[in-house]
Amino acid sequence: MTVLSDQVRKRGLNALLAYTFLMVVGFAMLMPLVSVHFVSNAGMAAAVVGGALALRQITQQGLALVGGMLADRFGVRPMICLGVLLRAAGFASLAFAGDALTLCVAMVVSALGGALFEAPYQAAIAALTTEETRPRYYALSNWVSGIASTVGPLVGVALLHVDFQIVCLAAAACFALNCGIALWMLPPLASPEAPRPMTHRLALVTRDRRFLLFTGLMMGYWFVAVQINISFPLLAERLSGNQDSVGIMFALSAGLTVLLQYHLLRVAERWLSTQQILVLGVTIIALGAGAIALAQTFAAFLVCVAAFSIGAILVRPTMQNLIASMANPQALGTFLGFSSLSLALGGAIGNVTGGWLVEFSGAQQWPQLPWMIFCAVGLLSAFGLFRLAPRAREAA
């Protein structure tokens, strides 16, 4: 990557914080309401909506590798701009989706945008930070995400009382604004070296066995983590009897992130290694999801959501830091794009399985079944990461 002054780095990182805020607000005000709107208001089956969410997930994260490779070849800023504009178009078209087909088309368009901007966005952070500043910046970035995650669902639920189309268009506007931020505030982050074939960068990834194993194990984490966008909102509405509970659930999760993100991580770092924090976080997420099997009231459900959120607070920055540290600087975008395959596959399976399990367990009168499965998958992932920890430490 191009050698940058400290002033340029600081300006770029501040721009990325603003970008992060708008990105998360735009996503959080809309996506948690998709399952509620299309199941409860449009009358679609939960499994169909879950399938559409899975299609978005696997398209975006499955093609994030392509976005990362293109960023290594053509530069970070052009790919971010193209990606956020496509995401804006996808969210705007979601406002007019009236059946399963148009819902899926809108999801695919928004996913293609995400595939183009996600890995370049992460590569920009990795390129503008240093080994010393990166952990703190990730913690700060996740804190900003927490604030945005608090604001987003509340704005989305408020706008939903006006019209679902307004929610979609407002979310699209957030991503359109990010195009301006990327154009005018991000420095050019292109490699000064002669371009190498994309297959060379991909080969660097496929030869890194530790990185491949880490990516595979994180599939289990994402299988459980995505339930907050499909199974959690459906249960929240069922327990409370109204759609406003979805906003309350996400506000609680985001509020805990804002309050605890920086301080909880600093306390954990005093006693545990980065890999141990990751294992602990995944374990807490698994147990939080499993405890929902015992929740009979909305208040009890919120306690489980709180535990789930604390686990996520520990996982997100440590996972990002590990991935960036393990990535080869010669193919930063490609490595970061490849890491998205864990979310692509694990998240897609989680979305489809989550929607299907909610319906199946309801029909069979086994309400605890989904949460027991989510818990088991999460604990298996945590165990695998625990066994990998010594190797991951060597890689970092």
Next on the checklist: Minimum heavy-atom separation for L159 and A170, please, with both atom names.
Outcome noted: CD1-CB, 3.9 Å
Item to check | Close side-chain approach of L278 and M319, heavy atoms under 4.5 Å | outcome: yes
Checklist outcome for this item: Nearest heavy-atom approach of L186 to G12 is CD2-O, 3.8 Å
Checklist entry - Does the R77 side chain pair with the main chain of W184, one donor and one acceptor, at a distance under 3.5 Å? => result no
Checklist entry - Stepwise, does the side chain to side chain contact (heavy atoms under 4.5 Å, CB included) test hold for D208 with F335? => result CA-CA 10 Å; D208 193 330; F335 269 79; 3.9 Å; yes
Next on the checklist: Please evaluate residues V224 and F308 with respect to the criterion side chain to side chain contact (heavy atoms under 4.5 Å, CB included), reporting the C-alpha separation (whole Å), side-chain torsions for both, the decisive distance (0.1 Å), and the verdict.
Outcome noted: CA-CA 10 Å; V224 183; F308 187 94; 4.0 Å; yes
Checklist entry - What's the shortest heavy-atom distance between L94 and C168, and which atoms? => result C-SG, 3.9 Å
Checklist entry - Which heavy atom of A148 sits nearest a heavy atom of F21, and at what distance? => result CB-O, 3.5 Å
Item to check | Under 3.5 Å donor-acceptor, Q227 side chain and F223 backbone | outcome: yes
Next on the checklist: A side-chain contact here means heavy atoms from C-beta on lying under 4.5 Å apart; do L265 and T318 qualify?
Outcome noted: yes
Next on the checklist: Please check this pair: side chain of T59 against backbone of R56, looking for a donor-acceptor N/O pair closer than 3.5 Å.
Outcome noted: no
Checklist entry - Got a sec: does the CZ of R134 have more than 12 other heavy atoms crowding it under 6.0 Å? => result yes
Checklist entry - For T129, does its backbone N or O pair with a side-chain atom of Y137 as donor and acceptor, under 3.5 Å? => result no
Next on the checklist: With heavy-atom distances below 4.5 Å as the criterion, would you say the side chains of M29 and C174 are in contact?
Outcome noted: yes
Next on the checklist: Distance check, rounded to the nearest 0.5 Å: T257 atom OG1 versus R316 atom CZ?
Outcome noted: 5.0 Å
Item to check | Pairwise distance CZ(R9) to CG(L128) - rounded to 0.5 angstrom | outcome: 6.5 Å
Checklist entry - Is there a side-chain contact between L294 and C304, using heavy atoms and a 4.5 Å cut-off? => result no
Checklist entry - Does F338 have any ring-ring contact (aromatic ring centres under 6.0 Å, His included) partners at least two apart in sequence or in another chain, and if so, which? => result none
Item to check | Rounded distance [0.5 Å steps], CG in L345 versus CG in L341 | outcome: 6.0 Å
Checklist entry - Under a 4.5 Å side-chain heavy-atom rule over Ile, Leu, Val, Met, Phe, Trp and Tyr, are L169 and L22 clustered together? => result no
Item to check | Check: L33 and L160 side chains under 4.5 Å, non-hydrogen atoms | outcome: yes
Checklist entry - Does the pair I323 and F211 meet the rule for a side chain to side chain contact (heavy atoms under 4.5 Å, CB included), with working shown? => result CA-CA 8 Å; I323 291 172; F211 189 81; 4.2 Å; yes
Next on the checklist: Students often mix this up, so state it plainly: with edges at 30° and 60°, are the rings of Y121 and Y19 parallel, tilted or perpendicular?
Outcome noted: parallel
Donor-acceptor contacts under 3.5 Å from residues 98-112 side chains, at least two apart:
{"from": "D99", "atom 1": "OD1", "to": "L101", "atom 2": "N", "distance (Å)": "3.2"}
{"from": "D99", "atom 1": "OD1", "to": "T102", "atom 2": "N", "distance (Å)": "2.9"}
{"from": "D99", "atom 1": "OD1", "to": "T102", "atom 2": "OG1", "distance (Å)": "2.9"}
{"from": "T102", "atom 1": "OG1", "to": "G98", "atom 2": "N", "distance (Å)": "3.1"}
{"from": "T102", "atom 1": "OG1", "to": "D99", "atom 2": "N", "distance (Å)": "3.2"}
{"from": "T102", "atom 1": "OG1", "to": "D99", "atom 2": "O", "distance (Å)": "3.1"}
{"from": "S110", "atom 1": "OG", "to": "A106", "atom 2": "O", "distance (Å)": "3.3"}
{"from": "S110", "atom 1": "OG", "to": "M107", "atom 2": "O", "distance (Å)": "2.9"}

Item to check | Interatomic spacing from CD1 in I277 to CD1 in I313 - rounded to 0.5 Å | outcome: 13.0 Å
Item to check | Plane angle bin for F175 and F91 - parallel if under 30°, tilted between 30 and 60°, otherwise perpendicular | outcome: perpendicular
Checklist entry - Which distance, rounded to the nearest 0.5 Å, do you find between the OG1 of T20 and the CG of L13? => result 10.0 Å
Checklist entry - Does any N or O in the side chain of S141 come within less than 3.5 Å of the main-chain N or O of Y138, such that one atom is a donor and the other an acceptor? => result no
Checklist outcome for this item: All heavy atoms of S253 vs all of S309, minimum pair found to be OG-OG, 2.9 Å
Item to check | Close side-chain approach of V226 to L343, heavy-atom, < 4.5 Å | outcome: yes
Checklist entry - Is any side-chain heavy atom of F386 less than 4.5 Å from a side-chain heavy atom of L280? => result no
Considering only distance and modelled atom types, tabulate donor-acceptor pairs under 3.5 Å from the side chains of residues 368-384, sequence neighbours left out.
{"from": "S381", "atom 1": "OG", "to": "L217", "atom 2": "O", "distance (Å)": "2.8"}
{"from": "S381", "atom 1": "OG", "to": "Y221", "atom 2": "N", "distance (Å)": "3.4"}

Checklist entry - Within the side chain of S240, is there an N or O that forms a donor-acceptor pair under 3.5 Å with the backbone of F298? => result no
Next on the checklist: I'd like to know whether R87 forms a side chain to side chain contact (heavy atoms under 4.5 Å, CB included) with Q60, so could you lay out the CA-CA distance, the side-chain angles of the two residues, the decisive distance to 0.1 Å, and finally the verdict.
Outcome noted: CA-CA 10 Å; R87 170 59 61 87; Q60 176 171 335; 2.6 Å; yes
Checklist entry - Same cluster for I284 and L259 if Ile/Leu/Val/Met/Phe/Trp/Tyr side chains link at under 4.5 Å? => result yes
Item to check | Same apolar cluster: F96 and L86, side chain cutoff 4.5 Å | outcome: no
Checklist entry - Do you reckon I166 sits in the same ILVMFWY cluster as M31, going by side-chain contacts under 4.5 Å, direct or chained? => result yes
Checklist entry - Of the non-hydrogen atoms in G67 and P120, which two are nearest, and what is the gap between them? => result O-CG, 3.8 Å
Item to check | Side-chain heavy-atom pair F214, L385 within 4.5 angstrom cut-off | outcome: yes
Checklist entry - Roughly how far apart are E269 CD and L314 CG, rounded to 0.5 Å? => result 10.0 Å
Checklist entry - Same hydrophobic cluster for V246 and L239, using side-chain heavy-atom links shorter than 4.5 Å among ILVMFWY? => result yes
